[in-house]
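Okay, structure first, notes after.
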Amino acid sequence: MRRRQKREIKRKKHLAEQLHAQYGIEQLPEGAYLLAKERWRFATRAAAELAQRMKGVRSVGLALTGEHGVLTIEACQMLNPKENVIELDEKQAAQWLRGEAVELGCRHPSRLIAAKHGVDWLGGGLASGTKVMPGLPSWRRIKSEKK
Amino acid sequence: MRSALQTYLSQLPNFDYKRYEQTTKFSFPKSIRVNTLKVCREELVERLESQGWSLEHVPWCADGFFTDRLLMGDTPEHVLGYYFIQDAASMAITLALDPQPGDAVLDISAAPGAKTTHIAQLMGMQGAIVANDTSFDRVKALAANIQRCGVANAVITQADGRAFPRWAADAFDRVLVDAPCSGLGQIRAFKEIEAKWTERAVHRLAAVQKGLMLAGFDCLKPGGTLVYSTCTLAPDENEAVVQHLLDKRPTAKIEAIRIEKIKVHEGLTEWHSASFVADIRKCIRIYPYDNGTEGFFVAKVVKR
C-alpha cells in the first residue's frame, strides 16, 4: 500500500512538473493521477479506491492526455493552461472542431499547445511549421460544415 | 390485420391503445440536459437561444429542455460536453434514484451513459459511480460520453451485470438497473420494434431482467436504494420482474416515487393469469401520450 502511495506521489510530481513547464499550470486538483499506456488519467480518490474492488475495469476517471501527450478538452477545462495557449477565431475554431489543421500565419515556439476560442477550451494540439493539428479523436469531431 | 404486438398492448388495463398508436405517427420534440458539471445552465440557455434554438423547460427536471432542433449532436456545445441529448422522461429515472454526494452508485447496464452522467451531475462529482455494460461497443460509447461530460468519479467496467455480487455484494448505496428490454416505449423506433416483436422475446428478456434485478439488489448495502427501469410497457418485463424480486428477497420493500409535474400511472396488480402484490401500485408507468416523451416503467426498492 505504502509503495503504491509513494509511486503515485512520485508520478503526480512528475506530471505537475511537466504541466508547469509546458503550460504554466501552477497546481493540480486533489485526486488520483493514473498513467496507462503513456497517457494520463485523472480520477477522484473515491473512484480510484472503488475501482480496486471491481472486476472487468476498462477505465477510471477522465483522460487528461491523448496521443503524443496532447491535452484533452477536459484536461484544459480542468487545469486552465496559462502558457502555450493559442486563441482561435470563429472560423479557425470551426476548422479545429472538424479535426482540420489550422493555419496560424507564423511558427509557434512550442510543439504542444492548448487552443481556446472565447471562453471555450478546445483541447490540445501539435504545432508543426505554421500549422497546428488538433488532437481531437475522430469520434469527437463535428461532421457537418455548418453549425 | 392486427399484429401480435397490437393485440398484446390492447390488453393492458388503463392503457389507451388508440392514443398510443397515434403518438407513434408523430415526431415528439427532442430534449437535452444541460451538463452543469461543465457549464452554468442559464449561460448555456442564453448561448443556444442566441443561435436560434427554441428551448422549453422540462417541467420535472431543472436541467432538462425540450427543443425543436434537429442536428443537436453536431454542434460545438455538444462536442465540448455542455449538454447531453436525452429523452425527457428518462431524466425522471435518475431523479427517482436520487443519488447524493458521497454515495457509491452502481449503474449496472449503463451504456450509452445518459443516466450515468446525470447521476454524476446530481452527486456534484462527490462519491463514485461504477458504470457497467456487457458489450465492447456499448462500453466504448459509454466511455466516450463519460469523457465528454467530464465525469471524473466514474469507473467503467465491462462485465455481465448478473455476476456483480461475486465481488461487490453489499457495496453500494444506490443501484440503477436500467435493464435491456423490448423497447415498446420507444415510439420513435416503433416501426422497427413492431416488426421484430414476439411474446417469446419478451419472456427471454424477462429472464435476463430478473437476473439483473436480483444481482443489483444483492449489491446494495442494507438501507440502500435500487431503481429498476425499462423503456417498455410489457408487464412481463416490469411488474413481474419486481414481483420476482419480492418473492426471492424478503428484505426488499417497494417505495413510492415522488417526481413532481410529470403525468404517470400506477403499476399494474394483475396481468393475464398473474397477480402482483398491492405495493406494486407504487411503481410508475409513463406512457408516451401523457407527456410527449418516450414511455418508461420505474420501480424504487429499498433494502431493509
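Throughout, a chain's letter reflects where its sequence line sits, starting with A, and its residues are numbered from 1. Quick caveat: nothing in here was measured; it's all calculated off a predicted structure.
Using a cut-off of 4.0 Å between Lys/Arg side-chain N and Asp/Glu carboxylate O, D120(A) and K38(B) are scored as not salt-bridged.
Sparse packing is recorded around CD of E46(B), with 12 or fewer heavy atoms of other residues, nucleotides or ligands lying under 6.0 Å away. In R107(A), the CZ atom is not crowded: 12 or fewer heavy atoms of neighbouring residues, nucleotides or ligands sit closer than 6.0 Å. Atom CD of E192(B) has 12 or fewer heavy atoms from other residues, nucleotides or ligands within 6.0 Å. The local environment of NZ in K248(B) is sparse, with at most 12 non-hydrogen atoms from other residues, nucleotides or ligands closer than 6.0 Å. In K221(B), the NZ atom is crowded: over 12 heavy atoms of neighbouring residues, nucleotides or ligands sit closer than 6.0 Å. The local environment of NZ in K12(A) is crowded, with over 12 non-hydrogen atoms from other residues, nucleotides or ligands closer than 6.0 Å. Other residues, nucleotides and ligands contribute over 12 non-hydrogen atoms within 6.0 Å of the CD atom of Q52(A). The number of heavy-atom neighbours closer than 6.0 Å to CD of E17(A), taken from other residues, nucleotides and ligands shown, is above 12.
Between T44(A) and G127(B) the shortest heavy-atom distance is OG1-O, 3.9 Å. Here the shortest heavy-atom pairing between A47(A) and V155(B) reads O-CG2, 3.3 Å. Nearest approach of W139(A) to A144(B), heavy atoms of both residues: CH2-O, 3.5 Å. Across all their heavy atoms, V139(B) and R58(A) have their closest contact at CG1-CG, 4.1 Å. In this structure, G150(B) and E74(A) approach most closely via the heavy-atom pair CA-CG, 3.9 Å. Closest non-hydrogen pair, L50(A) versus A128(B), comes out as CD2-CB, 3.8 Å.
Interface remark: F172(B) contributes side-chain atoms only to the contact with chain A (heavy atom separation under 4.5 Å). With a 4.5 angstrom heavy-atom cutoff, V151(B) touches chain A only via backbone atoms. R148(B) touches chain A through backbone and side chain together, each having a heavy atom under 4.5 Å away. With a 4.5 angstrom heavy-atom cutoff, A154(B) touches chain A only via backbone atoms.
With chain A as the partner, the residue from N132(B), V39(B), L80(B), N153(B) showing the most heavy-atom pairs under 4.5 Å is L80(B). Heavy-atom pairs under 4.5 Å with chain B were tallied for S59(A), A46(A), A93(A); the largest tally goes to S59(A). Comparing K55(A), M78(A), R45(A) by how many heavy-atom pairs each has under 4.5 Å with chain B, the most go to K55(A). Considering only heavy-atom pairs separated by less than 4.5 Å from chain B, the leading option among R140(A), Q77(A), R141(A) is R140(A).
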Begin with the C-alpha distance, continue with both residues' side-chain angles, and end with the deciding distance and a verdict on side-chain contact (heavy atoms from CB on, under 4.5 Å) for W167(B) and M54(A). CA-CA 7 Å; W167(B) 58 85; M54(A) 296 300 126; 3.9 Å; yes
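Checked by atom type and distance alone, the side chain of Q147(B) pairs as donor or acceptor with a backbone atom of A63(A) at under 3.5 Å.
Counting heavy atoms from C-beta outward, V79(B) and I142(A) have side chains that approach closer than 4.5 Å.
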